[in-house]
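Below: the structure, in structure tokens.
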Protein chains: 2
Amino acid sequence: MFKEEQIIKICKQNKWRLTEPRLEVLRIISHSKNPIKAYDILKKLANKIKNPKPPTAYRAIQFWQKHNFVHRIESLNAYQACSHGHSHAGAQFLICDDCGKVIESNLHEIPEILKKNTENKTFKPLRWNLEINGLCNQCS
Amino acid sequence: MFKEEQIIKICKQNKWRLTEPRLEVLRIISHSKNPIKAYDILKKLANKIKNPKPPTAYRAIQFWQKHNFVHRIESLNAYQACSHGHSHAGAQFLICDDCGKVIESNLHEIPEILKKNTENKTFKPLRWNLEINGLCNQCS
DNA sequence: TTTTTTATGTAATAATATAACATACAATAT
DNA sequence: ATATTGTATGTTATATTATTACATAAAAAA
Ligand SMILES: [Zn+2]
Ligand SMILES: [Zn+2]
Ligand SMILES: [Zn+2]
Ligand SMILES: [Zn+2]
């Protein structure tokens with residue numbers, strides 16, 4: 001997981017505009033223990049900026065998604081900070097059905113498997129998302 | 001992909017009630033070339049039964065999902081008929097970014113990889129969903 | 001400074017999904 | 001056959017998730 005400082009630095013280096021709603025949304029997602037939903041982000045955002053509306057939250061989320069600091073957990077409609085550096089073509093998540101914890105796990109074998117299994121089908125993989133449901137060690 | 005006859009048979013064998021909305025929804029999903037969205041299913045359903053409401057569609061979709069004849073493509077909010085037999089713990093989908101085609105692909109290696117990579121993390125995987133975006137052979 | 005690009009504020013609405021409760025139907029037991 | 005029970009549907013309303021559209025503001029570039 002990135003510290004705020006590092007992220008600020010990376011944004012400066014890349015000339016990405018780090019505005020107030022963006023920064024606050026990143027903080028909210030980063031500080032959330034489990035994946036957080038857009039409207040919960042919006043609620044928390046109301047503590048920081050005046051009367052924010054959905055587009056404000058969604059735009060900021062999209063910004064961080066685009067730069068790979070935040071992932072969307074599709075099966076949960078929720079967002080979580082990236083824990084593996086800010087750029088990778090594929091992501092794997094271990095989702096605990098009991099406590100809701102989501103562990104981002106880089107299974108490095110996946111990419112090769114994808115290549116092998118898709119080349120012969122002549123499908124060209126560009127990115128992927130693997131969501132694995134089960135029970136975490138706390139809960140099983 | 002299952003023929004309607006086979007599905008009717010399987011339902012009888014298992015004493016699953018095959019009602020009109022269920023059968024029509026299955027037909028709509030099965031006959032759709034690409035994954036189809038709930039409200040598009042609902043629209044088509046209106047040609048078959050009188051003035052159906054969202055719960056009618058969603059309940060039928062859920063029924064088929066539960067019995068693994070239909071999958072939800074999470075990143076598309078859309079539903080597609082299973083093409084690999086009516087029960088498996090994990091599913092893999094190749095999604096063409098260009099034409100929208102979704103190929104259900106059973107990469108048999110995945111389960112072992114999951115086991116290997118999650119045992120040492122003591123996460124117990126129960127089911128998984130892998131969505132791979134890219135370009136199909138028609139489009140690349 | 002002017003122009004252009006990018007981001008935000010705001011209102012409205014679209015798209016996706018479920019809750020709640022009444023009614024109908026099917027399966028089972030008497 | 002009839003009563004009882006469980007399951008499915010019909011219907012209204014509402015919750016949840018996300019985007020469109022357009023005006024304003026701020027930053028970057030010319
Ligand atoms: Zn990540
Ligand atoms: Zn857990
Ligand atoms: Zn399948
Ligand atoms: Zn294609």
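Computed from a predicted structure; not experimentally measured. The figures that follow rest on heavy atoms only: side chains count, while hydrogens, waters and symmetry mates do not. Here is how names work: the chains are called A, B, and so on, in the same order as the sequence lines, proteins then strands, and each is numbered from 1.
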Could you walk me through whether A:Asn77 and A:Arg72 pass the side-chain hydrogen bond (donor to acceptor under 3.5 Å, both in side chains) test, one step at a time? CA-CA 7 Å; A:Asn77 294 348; A:Arg72 177 182 158 84; 2.9 Å; yes

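- Rounded to 10 degrees, the angle separating the terminal axes of the helix from C:dT1-D:dA30 to C:dT30-D:dA1 is 30°, with each axis obtained from five end pairs.
- Classification of the B:Phe69-B:Trp64 ring pair by plane angle, with boundaries at 30° and 60°, yields perpendicular.
- Ring pair B:Tyr39/B:Tyr58 is perpendicular by interplanar angle, where above 60° counts as perpendicular and below 30° as parallel.
- Atom P of nucleotide C:dA14 and atom CG of B:Leu42 are separated by 16 Å, given to the nearest angstrom.
- In this structure the side chain of A:Gln92 reaches within 4.5 angstrom of the side chain of A:Trp128, judged on heavy atoms.
- The distance from atom NZ of B:Lys43 to atom C1' of C:dA15 is 10 Å, rounded to the nearest whole Å.
- Between the CG atom of B:Asp40 and the C1' atom of C:dA17 there is a distance of 15 Å, given to the nearest Å.
- Applying the 4.0 Å criterion to OP1 and OP2 of C:dG9, one finds that A:Tyr58 has every side-chain N and O outside that range.
- Using modelled atom types, one finds a donor on one side chain and an acceptor on the other under 3.5 Å when comparing B:Glu131 with B:Ser75.
- A donor and an acceptor atom, one from each side chain of A:His71 and A:Glu104, are located under 3.5 Å apart.
- One can place CD of A:Glu24 at 16 Å from C1' of C:dA7, the figure rounded to the nearest angstrom.
- One can place CG of A:Leu18 at 17 Å from P of C:dT6, the figure rounded to the nearest angstrom.
- Following rounding to the nearest Å, A:Leu76 (CG) and D:dA18 (C1') show an atom-to-atom distance of 17 Å.
- One atom, CD of A:Gln62, and another, C1' of D:dT20, lie 13 Å apart when rounded to the nearest Å.
- Atom CZ of A:Arg127 and atom CG of A:Asn68 lie 11.0 Å apart (nearest 0.5 Å).
- In this structure, B:Glu74 atom CD and D:dA18 atom C1' are separated by 16 Å, rounded to whole Å.
- Annotation for B:Glu5: atom CD does not count as buried by contact number, only 12 or fewer foreign heavy atoms lying within 6.0 Å.
- Using a 4.0 Å cut-off between a side-chain N of Lys or Arg and a carboxylate O of Asp or Glu, B:Asp40 and B:Lys43 qualify as a salt bridge.
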Counting primed atoms, P, OP1 and OP2 as sugar-phosphate and everything else as base, the B/S/- map of nucleotides 4-16 of chain D against protein heavy atoms under 4.0 Å is ---BSBBBB----

